[in-house]
There are 2 protein chains.
Amino acid sequence: MALISKSSEYGLRAALYIAARPDEAHVSVREMSAQMDISFHFLTKILQRMTRAGLLASTRGAKGGLALAQPAAKITLLDIVRSVEGDDLFRECLLGLAGCGEKRPCPLHRHWAKERARIEKLFRKMTLARLARETARDGLRLAD
Amino acid sequence: MALISKSSEYGLRAALYIAARPDEAHVSVREMSAQMDISFHFLTKILQRMTRAGLLASTRGAKGGLALAQPAAKITLLDIVRSVEGDDLFRECLLGLAGCGEKRPCPLHRHWAKERARIEKLFRKMTLARLARETARDGLRLAD
DNA sequence: TTATTTTAAGACCCGGGAGTCTGAAAATGG
DNA sequence: CCATTTTCAGACTCCCGGGTCTTAAAATAA
Ligand code: FES
Ligand code: FES
């Protein structure tokens, strides 16, 4: 079971792809879908959501494409994932019970809430800028 | 997006339900499905998998039902979840890339692997006995 | 034996995420 | 103007996890 959806995975990979670009030029969906082996049309839909959320800036027509709408240091993983799959990530009960919280905790709440908070913090603190830097420094991969 | 599947959630809740029973009597699927508001037939399928995995012992016929096949102190959350949804939990890349590992890490591997290991450890160390004890002591809930 | 209660097993269905396809609209270059 | 390249928008199909249903088999009680 994956922590995030396929859509979020693709959105993160695309954001990293754009941020890792040295120049500021726009990147086309066509190029990203080819380089990372992701369905062009499906990736398009995901990036549209991120554009509407104000994370990306799009330009149509020849020489068009997508670029970051904010400095890479301002965009966090949480921003991206939330823009793609909604806000209630990191708020759900591990056992799927309704109303996760201190008021009516399930047997695993105390233990799970602690780990969940750590992951949420990781996503909230990690910026595209930092990841792009690490990616370039260590030559990390964005595809299989 | 949930960390574990609905099937695992139900399997965990049922295991806790059985472990929380003071007496050693067998518990019927019918009772558990009613008490926790889970589909009877669906819960049956999940508990069958746990039975085949050697976690539960089943007895058919009148007065039959399910019981733990091992002492509650020997059964971990990891045992249960693995029996329900396979072994490659806690081994997958956060970005969904094939072959997660130190050899060909993705940009998030270093950060994600650390958190993933903590959760895996939590599941590996936590026993039904301990959870049942805490559940009884604090009157925690197993249903909405 | 017969009826009842329970798990075991597997076929079946359904809804939603994942992915495809078609046709626009916008921008550029000639 | 026209042709090309790109994003935008939405309808459409496919697949599988989640859930239902039916039948068999095992055990108990009368
Ligand atoms: S109530 Fe279950 S994790 Fe919070
Ligand atoms: S390779 Fe991506 S998390 Fe390990």
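Within every chain, numbering begins at 1; the chains are lettered A, B, ... in the order of the sequence lines, protein sequences first and strands thereafter.
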Selected nucleotide, minimal atom distance to A:Ala62 side chain, candidates C:dT28, C:dT7, D:dT20
C:dT28
Following the transitive rule for hydrophobic clusters with a side-chain heavy-atom cut-off under 4.5 Å over Ile, Leu, Val, Met, Phe, Trp and Tyr, establish whether A:Leu140 and A:Leu16 coincide in one cluster.
no
So does A:Arg104 get a backbone contact from the side chain of B:Arg141, meaning a donor-acceptor N/O pair under 3.5 Å?
yes
Could B:Arg13 and B:Glu9 be called an ion pair, given the rule that one side-chain N must be under 4.0 Å from one carboxylate O?
no
Specify the separation, in whole Å, of atom CD of B:Gln48 and atom P of D:dA25.
15 Å
Under 4.0 Å, counting only non-hydrogen atoms across every strand here, what does B:Leu66 touch: a base, just sugar-phosphate, or nothing?
sugar-phosphate
Closest of D:dC8, C:dA8, D:dT20 to the B:Thr51 side chain is C:dA8
Could you state the atom-to-atom distance from NE2 of A:His26 to C1' of C:dA26 in whole Å?
14 Å
Specify the residue among A:His41 and A:Gly61 whose closest nucleotide of DNA chain C lies further upstream toward the 5′ end.
A:His41
Measuring from the side chain of B:Ser39 (C-beta onward, heavy atoms only), which nucleotide among C:dA26, C:dT7, D:dG19 has the closest atom?
D:dG19
Spatial distance of atom NE2 (A:His109) from atom CG (B:Asp138) [nearest 0.5 Å]:
12.0 Å
Do A:Lys6 and C:dG19 share a donor-acceptor pair, side chain to base, under 3.5 Å?
no
Rounded to the nearest Å, what distance is computed from the CD1 atom of residue A:Ile4 to the P atom of nucleotide C:dG17?
16 Å
Whether A:Tyr10 contacts C:dA18 is assessed here as follows: a side-chain N or O lying under 4.0 Å from the phosphate OP1 or OP2. Is that the case?
no
Could you pick out which residue, B:Ile38 or A:Thr59, lies toward the 5' side of DNA chain D when each is mapped onto its nearest nucleotide?
A:Thr59
Reckon A:Arg30 has a side-chain N or O less than 4.0 Å from the OP1 or OP2 of D:dT7?
no
Taking atom C1' of C:dT7 as reference, at what distance in whole Å does atom CE of B:Met32 sit?
11 Å
Atom-to-atom span, CE of B:Met50 to P of C:dA8 - whole angstrom:
12 Å
So, OP1 or OP2 of D:dT7: does either fall under 4.0 Å of a side-chain N or O from A:Thr44?
no
By the 4.0 Å heavy-atom rule, please label A:Arg49 as base, sugar-phosphate, or nothing.
nothing
Would you mind reading off the distance between A:Phe40 atom CZ and D:dT6 atom C1', rounded to a whole angstrom?
8 Å
Classify the nucleic acid contact of B:Lys63 as base, sugar-phosphate or nothing, counting any heavy atom under 4.0 Å across all strands shown.
nothing
Check the phosphate of D:dG18 against B:Ser7, side-chain N and O only, distance under 4.0 Å to OP1 or OP2. Yes or no?
yes
What is the separation between atom CD1 on B:Ile46 and atom P on C:dA8, rounded to the nearest whole Å?
13 Å
Which nucleotide in D:dT7, D:dC8, D:dT20 has an atom nearest any side-chain atom of B:Lys45:
D:dT20
Of all the choices, C:dT7, D:dT7, C:dT20, which nucleotide is nearest to the side chain of A:Ser58 once you look at every atom?
D:dT7
Ranking C:dA11, C:dA18, D:dC8 by distance to the side chain of A:Ser5, first place goes to C:dA18
Matching residue for B:Met32 among B:Ile18, B:Leu142, B:Asp37, B:Thr44 - test: side chain to side chain contact (heavy atoms under 4.5 Å, CB included):
B:Ile18
If you check every side-chain atom of B:Phe42, which of C:dT20, D:dG19, C:dA18 has the closest atom?
D:dG19
Salt bridge A:Glu120-A:Arg116, side-chain N to carboxylate O under 4.0 Å
no
Could you state the atom-to-atom distance from CZ of B:Arg60 to C1' of D:dA24 in whole Å?
8 Å
